[in-house]
Peer 1: 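After the structure tokens below, expect a handful of questions from me.
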Amino acid sequence: MAVKTSNYYGKLIITDTAIAMTAYYAAMDCYGVIDLVSRSLTDSLSELFKKSTIGKGVKVVTISNRINLELFVILKEGVNIAAITESIKKTIKYNVETFTGMRVGKVEVNIVGVRV
């Protein structure tokens, strides 16, 4: 899927891959985030055979011009999980809304693990 919108510049189409990349890099810039991991076993297997990991750990769903995101993260040990989760949500929402010019409906952060 892709996000479609129009404004005074014309019609814009932004792919889910571009949105996932934006969310991935924004999440990696957040304090306490070590990595984003694949969403499922099939994604993990595809990563073994492909070199590209664009948007790894980010699921993008667009419903009625609202972008919903789901992230799968590994956090650093000893951080406040609730504070880091809220920080990730706010950062992702701001960056994706700025990039696309559309509203983000919901950002879900799934903590997959904790590393030293």
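In this text the structure is predicted, and so the values were computed from the model without any measurement.
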Peer 1: Less than 4.5 Å apart, side chain to side chain, heavy atoms only: is that true for Glu108 and Leu71?
Peer 2: no
Peer 1: Taking all non-hydrogen atoms of both residues into account, name the closest pair between Gly57 and Leu36 and its distance.
Peer 2: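 Heavy-atom minimum between the residues: O-CD2, 3.9 Å.
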Peer 1: Find the distance between CD1 (Ile81) and CG (Leu75) and round it off to the nearest 0.5 Å.
Peer 2: 6.0 Å
Peer 1: Provide the closest heavy-atom pair for Thr22 versus Asn95 in the form atom of the first, atom of the second, distance.
Peer 2: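 Nearest heavy atoms, Thr22 then Asn95: CG2-O, 4.1 Å.
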Peer 1: Locate the shortest heavy-atom distance separating Glu77 from Val114; write the atom from each residue and the value.
Peer 2: CA-CG1, 3.4 Å
Peer 1: How far does CG of Asp16 sit from NZ of Lys59, to the nearest 0.5 angstrom?
Peer 2: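 Asp16 atom CG to Lys59 atom NZ measures 11.5 Å (nearest 0.5 Å).
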Peer 1: Does Val60 share a hydrophobic cluster with Tyr94, counting links as ILVMFWY side-chain heavy atoms below 4.5 Å and allowing steps through other members?
Peer 2: no
Peer 1: How long is the span from the OG1 atom in Thr15 to the CE atom in Met21, to the nearest 0.5 Å?
Peer 2: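 So the gap between those two atoms works out to 8.0 Å.
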Peer 1: Establish whether Leu12 and Met102 are linked, either directly or via other cluster members, by ILVMFWY side-chain heavy-atom contacts under 4.5 Å.
Peer 2: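 Each belongs to a different hydrophobic cluster.
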Peer 1: Are any of the side-chain heavy atoms of Val104 and Ile92 separated by less than 4.5 Å?
Peer 2: no
Peer 1: Asn110 versus Val73: any side-chain heavy-atom pair under 4.5 Å?
Peer 2: no
Peer 1: Grab the two heavy atoms, one from Lys76 and one from Tyr31, that are nearest each other, plus how far apart they are.
Peer 2: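 Distance-wise, the nearest heavy atoms are NZ-OH, 4.2 Å.
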Peer 1: So how far is it from Lys93 NZ to Arg103 CZ, rounded to the nearest 0.5 Å?
Peer 2: 6.0 Å
Peer 1: Is there a side-chain contact between Lys89 and Val109, using heavy atoms and a 4.5 Å cut-off?
Peer 2: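 Lys89 vs Val109: side chains touch.
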Peer 1: Using every non-hydrogen atom in the two residues, find where Gly32 and Val79 come nearest and quote the distance to one decimal.
Peer 2: CA-CG1, 4.3 Å
Peer 1: Where do Met28 and Val33 come nearest, in terms of heavy atoms and distance?
Peer 2: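 Smallest interatomic distance, heavy atoms only, reads SD-CG1, 4.2 Å.
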Peer 1: Out of curiosity, Glu86 CD to Ile88 CD1, how far, rounded to the nearest 0.5 Å?
Peer 2: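 It comes to 10.0 Å.
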Peer 1: Rounded to the nearest 0.5 Å, how far does CD1 of Ile19 lie from CD1 of Ile14?
Peer 2: 6.0 Å
Peer 1: Determine whether a donor-acceptor pair (N or O, by modelled atom type, separation under 3.5 Å) exists between the side chain of Ser87 and the backbone of Ala83.
Peer 2: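 The answer is no, because no donor-acceptor pair under 3.5 Å joins these two groups.
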Peer 1: Is there a donor-acceptor contact under 3.5 Å from the side chain of Asp35 to the main chain of Ile74?
Peer 2: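 Looks like no, no N/O pair under 3.5 Å.
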Peer 1: With heavy-atom distances below 4.5 Å as the criterion, would you say the side chains of Leu69 and Val58 are in contact?
Peer 2: yes
